[in-house]
Amino acid sequence: MTPSLFALVDCNNFYASCERMFRPDLAGRPIVVLSNNDGCVVARSAEAKQLGIKMAVPVYQIANQLRQHHVAVFSSNYALYADISNRVMTTLEQMVPKVEVYSIDEAFLDLSRLDKCIDIHQLALDIYQRIPQWIGISVCVGIGPTKTLAKLANHAAKRYPATRGVVDLRDRERQRRLMALIPVDEVWGIGRRLTKRLNIMGINTALQLADAHPKLIRDTFSVTVERTVRELNGIDCDDIQEVAATKQQIISSRSFGSRIDNLEAMQQAINEYTFRACEKLRSERQYAKAMSVFVRTSPFSDATPQYSKSLSGSLVRPSNDTRDFVTLGQSLLQSIWREGHAYAKAGVMLGDFFGAGVFQLGLFDDVTPRPKSKELMQLLDKVNHSGHGKIWFAGQGIDPTWGMKREQLSPRYTTQWAQLPIVK
DNA sequence: TCTGGGGTCCTAGGACCC
DNA sequence: TCTGGGGTCCTAGGACCC
């Protein structure tokens with residue numbers, strides 16, 4: 001068996017870099033990009049990081065700092081980021097045969113066997129130079145015998161400028177020297193809670209975790225953490241997934257722009273989320289049988305009583321007709337709705353998926369499919385994607401007050417003709 | 001006043017069945 | 001009367017990722 005070899009290519013400050021691509025006037029100025037509802041910071045340019053602005057900090061807590069340092073603030077513009085991401089991924093796919101798009105701003109490359117015929121280090125340098133040249137976004141490249149080590153290598157490439165954007169961790173001694181320097185919480189798969197518990201056990205660095213006994217780790221934590229230990233030791237537990245796995249659930253949920261306290265508004269919100277979830281379901285060419293609905297108050301307001309409830313239900317047969325899920329969703333909402341709370345967030349989840357034509361009806365199930373369901377849903381999706389107006393259900397409400405805040409949105413430079421940047 | 005959204009995987013506990 | 005143990009399904013929750 002050929003030993004495996006991976007590279008991780010990760011864009012630098014991706015959302016902030018996308019915003020700056022079209023605003024050369026912002027060169028050198030700190031940039032932050034905000035989450036939905038303009039709630040908290042989800043991306044920072046290098047300058048913003050230097051100001052000490054932390055990831056995920058609520059905006060209102062740093063409002064003064066943003067003003068004082070003249071920080072450029074953007075609402076997140078996913079249409080723009082997705083388009084730039086596609087260009088980066090396409091370029092990588094032209095350079096390497098097997099690419100796994102892991103998230104909007106990073107991809108794993110399968111280099112196994114490739115190292116027999118090409119110079120891996122040169123390939124990494126080519127990627128490092130070509131992506132900024134062609135797309136306008138800078139990247140770092142990490143190389144290692146497992147995904148976890150490639151991640152770690154990438155982390156080092158970002159942290160230490162002397163590496164000039166490429167770190168190659170094929171050598172075991174190099175792996176150990178680096179791991180000794182890296183705190184355990186920087187390891188992929190080790191988050192805040194696990195770090196706390198590992199620290200109590202005296203495990204503080206990546207190397208100490210690598211040297212821990214896998215069996216002990218499994219018994220104390222879980223198989224997931226055990227796998228991480230093995231990966232740190234160069235044992236590959238996670239192959240490249242070139243084709244995105246079929247989704248197992250679809251979630252549509254939002255915090256409200258302002259709190260909801262009446263049933264009618266909540267019914268509209270649930271209908272809206274149901275509508276979006278079904279759109280996604282059809283774009284995945286799937287049919288769902290299960291649905292759950294949840295509502296909750298804000299976990300951050302400790303003065304008022306908290307309420308959080310979810311409930312699942314099931315259709316008799318899988319469907320992707322929005323009307324079926326609107327009916328089910330509303331009845332689930334009825335059961336969990338409690339008057340007298342200031343609701344901050346709600347959502348719907350679809351699950352238990354079937355491909356077209358897979359599901360067998362029970363012998364005595366008496367359900368006639370809706371006539372023309374497919375045609376109607378296709379028409380709905382077509383109109384709504386055409387850019388010429390929208391069709392929606394009356395139950396979604398018109399111009400709801402609880403809708404999302406996006407006050408700092410940049411233009412859709414690359415995906416709407418009317419918003420193309422102008423070169424003077 | 002103001003704290004994201006969309007995913008995955010794993011585990012524990014209760015109900016129910018044989 | 002025998003009240004054990006294993007399997008499955010469901011729900012809820014924890015933890016992680018970007």
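Residue numbering restarts at 1 for every chain, and letters A, B, ... go by the order of the sequence lines.
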Quiz item: After noting the C-alpha distance and the side-chain angles of Asn271(A) and Gln330(A), does the key distance pass the side-chain hydrogen bond (donor to acceptor under 3.5 Å, both in side chains) rule?
Solution: CA-CA 8 Å; Asn271(A) 276 346; Gln330(A) 290 300 320; 2.7 Å; yes
Exercise. Tell me, with the steps shown, if Glu19(A) and Tyr81(A) meet side-chain hydrogen bond (donor to acceptor under 3.5 Å, both in side chains).
Key: CA-CA 9 Å; Glu19(A) 296 293 348; Tyr81(A) 311 148; 2.6 Å; yes
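Contact annotation: Arg259(A) does not reach the phosphate of dT1(B) (side-chain N/O to OP1 or OP2, under 4.0 Å). Close to dG6(B), at under 4.0 Å from its OP1 or OP2, lies a side-chain N or O of Ser253(A). At the phosphate of dG14(C), neither OP1 nor OP2 sits under 4.0 Å from any side-chain N or O atom of Arg197(A). Within the 4.0 Å cut-off from OP1 or OP2 of dG6(B), not a single side-chain nitrogen or oxygen of Asn36(A) is found. Between Ser298(A) and dT3(B) there is no side-chain N or O to OP1 or OP2 distance below 4.0 Å. For dC18(C), one of the phosphate oxygens OP1 or OP2 lies less than 4.0 angstrom from a side-chain nitrogen or oxygen of Lys151(A).
To the nearest whole angstrom, the two C1' atoms, one in dC2(B) and one in dC17(C), are 26 Å apart.
By the 30° and 60° cut-offs, the orientation of the rings of Trp188(A) relative to Tyr102(A) is perpendicular.
A side-chain donor from one of Arg282(A) and Thr322(A) sits under 3.5 Å from a side-chain acceptor of the other. Between Arg172(A) and Asn233(A), the side chains place a donor N or O and an acceptor N or O closer than 3.5 Å (distance only, hydrogens not considered).
Using a 4.0 Å heavy-atom criterion, one finds that Leu34(A) contacts no nucleic acid atom at all. Contact annotation for Val187(A): backbone-only contact, meaning every heavy-atom pair under 4.0 Å involves sugar-phosphate atoms and none involves a base. Residue Ile104(A) is classed as having no contact, given no heavy-atom separation below 4.0 Å to the nucleic acid. Ser76(A) comes within contact range of no nucleotide atom at all, as no heavy-atom separation falls under 4.0 Å.
For the residue pair Glu100(A) and Gln241(A), the shortest heavy atom distance occurs at OE1-N, 2.8 Å. Between Thr91(A) and Arg130(A), the shortest heavy-atom distance links the atoms CG2-CD, 4.1 Å.
Minimum atom distance to the side chain of Phe300(A) is reached by dG4(B), of the listed dA15(C), dG4(B), dG6(B). Distances from the side chain of Ser255(A) to the nucleotides dG4(B), dT3(B), dG7(B) place dG4(B) closest. For Ile251(A), whose side chain is taken as the heavy atoms from C-beta onward, the closest listed nucleotide among dC18(C), dG4(B), dG7(B) is dG7(B). Nearest nucleotide to the Arg193(A) side chain, out of dC18(C), dG4(B), dA15(C): dA15(C). For Tyr102(A), the side-chain atoms get nearest to dC17(C) when compared with the rest of dG4(B), dC17(C), dG6(B). Listed candidates were dG7(B), dT3(B), dG5(B). Nearest to the side chain of Asn37(A) is dG5(B).
Distance, Asp219(A) CG to dC10(B) C1': 15 Å, rounded to whole Å. A straight line from NZ of Lys158(A) to C1' of dC18(C) spans 12 Å, rounded to a whole angstrom. For Asp105(A) and dG5(B), the CG to C1' distance is 16 Å, given to the nearest whole Å. For the pair Asp38(A) CG and dG4(B) C1', the interatomic distance rounds to 11 Å; values are reported in whole Å. The CH2-P distance, from Trp188(A) to dT8(B), rounds to 15 Å in whole Å. Rounded to whole Å, atom P of dG4(B) lies 15 Å from atom OH of Tyr15(A). When the C1' atom of dG13(C) is taken as reference, atom CE of Met349(A) falls 12 Å away, rounded to whole Å. Remark: C1' of dT3(B) and CD1 of Ile53(A) are 16 Å apart, rounded to the nearest angstrom.
The distance between the ring centers of Trp337(A) and Tyr307(A) does not fall below 6.0 angstrom.
Across the interface with DNA chain B, nearest-nucleotide mapping of Ala56(A) and Arg227(A) shows Ala56(A) to be the residue nearer the 5′ end. Each of Thr224(A) and Lys345(A) was matched to the nucleotide of DNA chain B holding its nearest heavy atom; the match closer to the 5' end belongs to Lys345(A).
Each of Val71(A), Val57(A), Val73(A) was checked for a side-chain contact (heavy atoms from CB on, under 4.5 Å) with Val41(A), and the lone residue meeting it is Val57(A). Of the options Ile190(A), Leu198(A), Leu216(A), a side-chain contact (heavy atoms from CB on, under 4.5 Å) to Phe221(A) is made by Leu198(A) and by none of the others.
Under the 3.5 Å distance criterion, the side-chain polar atoms of Ser45(A) are left unmatched by any main-chain donor or acceptor of Ala16(A).
Within a heavy-atom distance below 4.0 Å of DNA chain B, the residues of residues 237-249 of chain A found are Lys247(A), Gln248(A), Gln249(A).
DNA chain C forms stems at B:5-18 with C:5-18, each a run of 3 or more consecutive Watson-Crick or G-U wobble pairs whose two key distances fall under 3.5 Å.
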